[in-house]
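This report refers to the structure that appears directly beneath it.
Only this structure's heavy atoms are used, side chains among them; waters, hydrogens and symmetry mates stay out.
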Amino acid sequence: MVTAGRGDHPEGSVRTVLTGTDDAVDATVAREALLLACAGALGESDRLVRHWTTATDRGVDRLAATAVTARAWAMLLAARDELPGGDSRRPDWAEGLVPLDLDAERDEHEKVLGERDALPPRGRRQREAAADAEHAAAAGDTDAAREALHRWSEVAREIPQPDAATLAACRHVAPLLVRGELAVDPEWARSYAGALVAALDQRYRSEPRDADWRELIEAIMRLRGEPDAVPPAASVAAIDHAENRLGRTLPDEFRTFLGVCDGLRADVVFPRLLGVAELRHGTETDASGPAIVISDPPVLALWPSGEVTEDDELFGRSVHPGIRSVLEEHLRLLEASA
């Protein structure tokens, strides 16, 4: 099983996403998405890449900025094409990558696998294990290939940034990886990707639109084809009563939303936002107190910090800085599909 090196969360990578240059962010996302894919967490790898493209509005070619990373994506995607179907097949985001000649790339990668002298000791061990796995898999010796892969995994536990790209770029190894030879616990992968997704949200959160709250809600309803269906506002007394019932003060931004729109009807891809009288405590809590369920189905939760978490069966958990961010993202998707 691959782990994240030292610790259960990618602290160093999160720090880079929050404070590094855009080039450093892109290289970090590429490295971590490839590591997740090598660990059999294809859905979490895709979630991280999709969130990066949405947050940064940059092309996915930036995640294939080196010959090895470009080759790694090409080999993994080709291997995914051979899977029987379902969510593990080639993802839509990959359309932005330049197609490569896999035979030529395989030959070029043999040179990379032989380049070990300049690497530190653990890097040499990892490179050697990757080469052994590739050569054994190419010869049809699956057992030896698996043994070498698990040697690679042992080294990966010891270092903060495992060289997943060089491993994934091995043409005969990639099918073993996408079939889950180094599969990790799904909860670990979800948490690992979630930490990076949250960091991307924090770094690239959009500035609030100039439109006031009323205009934002009206724009959403207009694009839904229901321009006259803007819900009425909740009264200050009703909001105060909800706070007394819940035993906590609602964040200012959420109070403002309720004061413009007491809940919001569901859309095809958007849950119903609960009215003030329906708000209730959820099952999750943190040091500041319990989350409040604000949607039906209960996929959106409001935290004491004002952040809103969104749980998706496919993409896992996303973190929004507030309810306005949730609504602005909904409006952006409506505009894109109009």
Work out which heavy atom in [X] is nearest to a heavy atom in [Y]; give both atom names and the distance.
| X | Y | value |
| --- | --- | --- |
| Q126 | D163 | OE1-N, 3.0 Å |
| A145 | L176 | CB-CD1, 3.9 Å |
| L274 | S295 | CG-N, 3.6 Å |
| I239 | V276 | CA-CG2, 3.9 Å |
| P290 | T285 | N-OG1, 3.3 Å |
| V308 | I323 | CG2-N, 3.8 Å |

Does any part of the side chain of [Y], heavy atoms only, come nearer than 4.5 Å to the side chain of [X], both counted from C-beta?
| X | Y | answer |
| --- | --- | --- |
| D132 | W152 | no |
| L264 | L327 | yes |
| R171 | E134 | yes |
| L167 | L149 | yes |
| L279 | R245 | yes |
| E243 | R255 | yes |

Got more than 12 heavy atoms from elsewhere within 6.0 Å of [atom1], [X]?
| X | atom1 | answer |
| --- | --- | --- |
| D92 | CG | yes |
| R116 | CZ | yes |
| D252 | CG | no |

* To do: Please lay out, stage by stage, how T56 and R203 fare under the test side chain to side chain donor-acceptor pair (under 3.5 Å).
  => CA-CA 9 Å; T56 66; R203 171 164 181 154; over 6 Å; no

Rounded to the nearest 0.5 Å, what's the gap from [atom1] on [X] to [atom2] on [Y]? Could you check?
| X | Y | atom1 | atom2 | answer |
| --- | --- | --- | --- | --- |
| R71 | C170 | CZ | SG | 9.5 Å |
| E253 | R324 | CD | CZ | 7.5 Å |
| E181 | T142 | CD | OG1 | 9.0 Å |
| E328 | I220 | CD | CD1 | 8.5 Å |
| L331 | E215 | CG | CD | 11.5 Å |
| L334 | D267 | CG | CG | 5.5 Å |

* Asked: Can you check whether L119's main-chain N or O pairs, donor with acceptor, with R124's side chain at less than 3.5 Å?
  -> yes

* Asked: Would you call the rings of F270 and H330 parallel, tilted or perpendicular if under 30° counts as parallel and over 60° as perpendicular?
  -> parallel

* Asked: side chain to side chain donor-acceptor pair (under 3.5 Å) between T16 and S13: does it pass, once the steps are laid out?
  -> CA-CA 5 Å; T16 299; S13 295; 5.9 Å; no

* Asked: Side chains of T256 and W213: do they bring a donor and an acceptor to under 3.5 Å?
  -> no

* Charged N to carboxylate O under 4.0 angstrom, R125 versus E128? -> no

* **Pair W52 and W93, ring centroids less than 6.0 Å apart** =>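 Ring centres of W93 and W52 not closer than 6.0 Å.
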
